[in-house]
Amino acid sequence: MNVHNVSLKRMLGFWLACFAVNYASGMFLYTTYQIVPHPAVFMVMFVAAPLTYLLFAWLYFRKVVENDWAMRFLVALVWVGLSVIGAALLMKPVYGYPWTIAFTPSTLRGQLVNVSAILGAGWASRK
């Protein structure tokens with residue numbers, strides 16, 4: 001992987017779009033589940049985030065010059081790291097919980113599905 005081939009603006013732009021869609025859809029699905037506690041809404045709520053990462057990672061990787069494993073791991077770590085930091089920044093104003101709750105081991109373990117979705121999308125979009 002050549003560091004000069006990584007477009008920081010493109011990577012951060014796709015992450016920001018993914019984070020905004022993921023956060024808004026998560027809030028909508030959580031609110032819907034609180035109003036209508038149906039098991040289907042519960043399942044969609046847990047599948048929405050990995051599918052969002054899968055879609056945006058596929059859109060990102062299909063135009064990348066270098067699509068190797070090092071690039072996929074870099075994108076996965078940057079996107080998930082920024083998402084955890086973004087969730088931590090929004091934790092107090094949105095939910096009222098301390099920001100440190102975003103960095104628990106169970107929260108970080110839950111991000112492995114999103115990392116897998118990003119790696120899978122990078123592999124699926126190779127040329």
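Ring centroid separation for the pair F14 and W79 does not come in under the 6.0 Å cut-off. For F56 and Y60, the ring centers sit 6.0 Å or farther from each other.
Under the 4.5 Å side-chain heavy-atom criterion for grouping Ile, Leu, Val, Met, Phe, Trp and Tyr, V44 is not connected to V36 through any hydrophobic cluster. Under the 4.5 Å side-chain heavy-atom criterion for ILVMFWY residues, a single connected hydrophobic cluster contains both M11 and V64. In the hydrophobic clustering of this structure, V113 does not group with V80; members are Ile, Leu, Val, Met, Phe, Trp, Tyr whose side-chain heavy atoms approach within less than 4.5 Å, directly or through other members. Follow the hydrophobic side-chain contacts under 4.5 Å out from V21 and you never reach L54; the two are in separate clusters. Under the 4.5 Å side-chain heavy-atom criterion for grouping Ile, Leu, Val, Met, Phe, Trp and Tyr, F28 is not connected to Y23 through any hydrophobic cluster.
To the nearest 0.5 Å, atoms OH (Y97) and CE (M91) are separated by 9.5 Å. Atom CE of M45 sits about 9.5 Å away from atom OG1 of T32, to the nearest 0.5 Å. Annotation: the span from R109 atom CZ to T104 atom OG1 amounts to 8.0 Å, rounded to 0.5 Å. Note: F61 CZ to M71 CE = 6.5 Å, rounded to the nearest 0.5 Å. Considering CG of L82 and CG of L89, their distance stands at 10.5 Å, rounded to 0.5 Å. Once rounded to the nearest 0.5 Å, the distance linking OH of Y95 with OH of Y30 reads 8.0 Å.
N22 places no side-chain N or O within 3.5 Å of a backbone atom of Y53 that could act as its donor or acceptor partner. Listed for the S116 side chain is a donor-acceptor partner under 3.5 Å among the backbone atoms of L112. R10 contributes no side-chain N or O that, together with a main-chain N or O of S7, makes up a donor-acceptor pair within less than 3.5 Å.
The environment of W123 atom CH2 is sparse: at most 12 non-hydrogen atoms of other residues, nucleotides or ligands sit within 6.0 angstrom.
Shortest non-hydrogen contact noted between R72 and I118 is O-CG2, 4.3 Å. Across all their heavy atoms, F19 and A87 have their closest contact at CZ-N, 3.9 Å.
Under the side chain to side chain donor-acceptor pair (under 3.5 Å) criterion, T52 pairs with no residue, sequence neighbours left out.
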